[in-house]
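Each chain gets a letter, A, B and so on, in the order the sequences are listed, and its residues count up from 1. The figures here come from the full heavy-atom set of this structure, side chains too, leaving out hydrogens, waters and symmetry mates.
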Amino acid sequence: MPELPEVESVLRQLRPRVRDRWIVRVTADAQTRFGGLDDAAGKRIIDLRRRGKYLLAPLEAPGERRPSRELVLHLGMTGALRLRGEDGWVPDSYVRASFVLDDGVLDFRDVRRFGRLTVVTQGDYKHIATLANLGPEPLSPQFTSEGFHRALQRSRQSVKSQLLSQRPVAGVGNIYADEALWQARVDPRARRLSRQRSDRLWAALREVLAEAVEREGTTFRDYQMVNGESGRHASFLQVYGKAGVPCPRCATPLRRVVVGGRGSTLCPRCQRW
DNA sequence: AGATCGGCCTGGACGC
DNA sequence: TGCGTCCAGGCCGATC
């Protein structure tokens with residue numbers, strides 16, 4: 001369930017801790033979602049960045065002038081990164097991979113094994129389709145209302161499915177999609193948005209995500225930061241997971257529908273096609 | 001080629 | 001208490 005705000009919070013805690021550290025060796029479960037991890041050993045973590053829900057770490061071998069490889073990490077639904085022995089973290093049976101660094105051990109814990117860990121040639125995402133086709137960062141100047149409207153027009157999927165596809169904009173998952181659609185008063189099943197509705201959704205996405213980043217994300221079940229703490233945004237959610245509860249805007253009971261195979265909570269009165 | 005749907009994976013909630 | 005069933009969901013690959 002980590003979406004942009006949650007991954008951003010992990011990034012902010014982890015970046016200063018792993019930047020410029022050497023990876024001594026990597027141990028990992030035999031999992032199809034893990035690949036090329038042997039390539040990480042003996043290299044230095046030049047930086048840690050975020051694109052959408054992905055964490056990216058350029059890796060440089062001794063003597064290289066620029067990073068040749070890149071670690072791509074996706075937390076999936078239940079992934080967490082913890083530093084061994086810090087903030088009370090003791091490894092348990094859900095640790096799927098460990099990075100032995102020159103000054104400590106970084107554990108990747110992932111109950112449901114939806115997370116992904118891959119080492120690729122720097123910048124080469126052709127085997128990671130979602131990352132290769134990732135839309136702009138919602139809180140960057142590259143995310144414009146014009147561009148968003150144009151991107152939505154390229155597909156006839158429901159707007160909810162489009163948001164979850166990561167193509168029109170990066171980093172939105174089920175929680176913030178439902179929140180932004182409610183705030184913009186747009187029905188998740190709508191397939192063609194007027195420019196006006198598209199603009200409302202554009203603004204709502206930016207607002208909802210920025211607020212959640214400020215509160216270090218939403219902890220519903222499993223999400224936790226590097227220091228083990230929860231995000232503070234859960235109690236500020238307006239609609240996600242609140243079917244049956246009165247709409248905060250019009251008091252009509254919120255309803256759960258399935259859109260593109262995903263549960264969605266909406267207000268049947270406020271949110272229009 | 002684009003849309004849609006099922007599978008992956010596990011724990012927790014729920015019903016009987 | 002215990003067992004079975006369903007749900008959560010990001011992403012991917014198979015199929016329509």
Side-chain angles (χ1 to χ4, degrees), chain A residues 1-10 28-36 50-56 72-81 92-97 108-118 120 125-135 137-138 150-181 188-193 205 209 212 217-224 230-231 233-234 237 239-244 254-266:
Chain A
M1 226 177 285
E3 306 179 28
L4 184 150
E6 293 75 35
V7 180
E8 178 67 22
S9 302
V10 169
D29 281 7
Q31 255 181 252
T32 52
R33 286 178 167 94
F34 294 165
R50 181 189 59 73
R51 269 291 278 140
K53 303 173 198 174
Y54 291 87
L55 288 172
L56 306 171
V72 178
L73 195 155
H74 195 296
L75 297 173
M77 279 188 62
T78 56
L81 291 161
D92 60 15
S93 62
Y94 300 117
V95 171
R96 312 299 186 192
F108 179 64
R109 181 181 192 265
D110 186 16
V111 173
R112 295 189 193 176
R113 299 180 192 267
F114 275 41
R116 178 169 184 158
L117 275 177
T118 319
V120 300
Y125 307 138
K126 64 174 175 291
H127 297 299
I128 308 171
T130 305
L131 181 56
N133 299 309
L134 198 60
E137 286 297 317
R150 236 181 297 122
L152 289 179
Q153 283 178 321
R154 283 191 210 114
S155 160
R156 307 202 173 186
Q157 287 182 292
S158 68
V159 61
K160 170 81 182 264
S161 294
Q162 286 217 63
L163 290 176
L164 297 184
S165 79
Q166 309 300 302
R167 284 187 303 266
V169 61
V172 177
N174 215 27
I175 294 176
Y176 301 111
D178 279 8
E179 293 293 309
L181 286 162
R189 297 163 291 191
R191 283 173 192 270
R192 277 210 164 89
L193 295 200
L205 284 163
L209 291 168
T218 302
T219 297
F220 223 68
R221 290 185 193 80
D222 307 277
Y223 160 67
Q224 56 179 23
S230 295
H233 191 67
L237 294 176
V239 294
Y240 178 80
K242 292 182 184 289
L254 297 172
R255 201 147 59 87
R256 180 183 184 276
V257 300
V258 175
V259 184
R262 290 286 163 257
S264 303
T265 309
L266 59 80

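- Here A/Ser161 does not reach the OP1 or OP2 of B/dT4: none of its side-chain N or O atoms lies under 4.0 Å away.
- The OG1 atom of A/Thr130 lies 8.0 Å from the CZ atom of A/Arg116; values are rounded to the nearest 0.5 Å.
- When the side-chain nitrogen and oxygen atoms of A/Gln166 are compared with OP1 and OP2 of C/dC11, one or more of them lie within a distance under 4.0 Å.
- Proximity of A/Lys160 to A/Asp178: side-chain heavy atoms (C-beta onward) are separated by under 4.5 Å at one or more points.
- At the heavy-atom level, A/Arg262 lies under 4.0 Å from base atoms of the strands shown.
- Contact check for A/Leu209 versus A/Val172: side-chain heavy atoms found under the 4.5 Å cut-off.
- Per the geometry, CZ belonging to A/Arg112 stands 15 Å off C1' belonging to C/dC11, to the nearest Å.
- One interatomic measurement links the two molecules: CZ of A/Arg33 to P of C/dG13, which rounds to 10 Å at whole-angstrom precision.
- Applying side-chain contact (heavy atoms from CB on, under 4.5 Å) to A/Leu134 and the options A/Arg167, A/Arg51, A/Lys53 leaves one that passes, A/Arg51.
- Side-chain proximity of A/Tyr54 to C/dG10, B/dT10, C/dC12: nearest is C/dC12.
- One atom, CG of A/Leu4, and another, P of C/dG10, lie 13 Å apart when rounded to the nearest Å.
- Computed from coordinates, the A/Leu163 CG to C/dC11 P distance equals 13 Å when rounded to whole Å.
- For A/Arg116, a side-chain nitrogen or oxygen approaches OP1 or OP2 of C/dC12 to under 4.0 Å.
- Looking at heavy-atom distances under 4.0 Å, A/Arg191 makes contact with sugar-phosphate atoms alone, never a base.
- Taking only side-chain atoms of A/Phe114, from C-beta outward, the nucleotide of C/dA8, C/dC11, B/dC9 with the closest atom is B/dC9.
- The CG-C1' distance, from A/Leu131 to C/dC12, rounds to 14 Å in whole Å.
- Here the straight-line distance linking atom CZ of A/Arg109 with atom OG1 of A/Thr78 works out to 8.0 Å at 0.5 Å rounding.
- At a threshold of 4.0 angstrom between heavy atoms, the contacts of A/Ser155 are confined to the sugar-phosphate backbone, with no base atom among them.
- Here B/dT4 presents its P atom at 13 Å from CG of A/Leu164, a figure rounded to the nearest Å.
- Following rounding to the nearest Å, A/Gln162 (CD) and B/dA3 (P) show an atom-to-atom distance of 8 Å.
- Residue A/Arg156 is in sugar-phosphate contact alone, with no base atom involved, counting any heavy-atom pair closer than 4.0 Å across all strands shown.
- What separates CZ of A/Arg96 from P of B/dC8 is a distance of 16 Å, to the nearest Å.
- Taking the nucleotide of DNA chain B with the nearest heavy atom to each of A/Arg113 and A/Arg154, the more 5' of the two is matched to A/Arg154.
- With distances taken from any side-chain atom of A/Tyr94 to the nucleotides C/dC11, B/dT10, B/dT4, the minimum falls on B/dT10.
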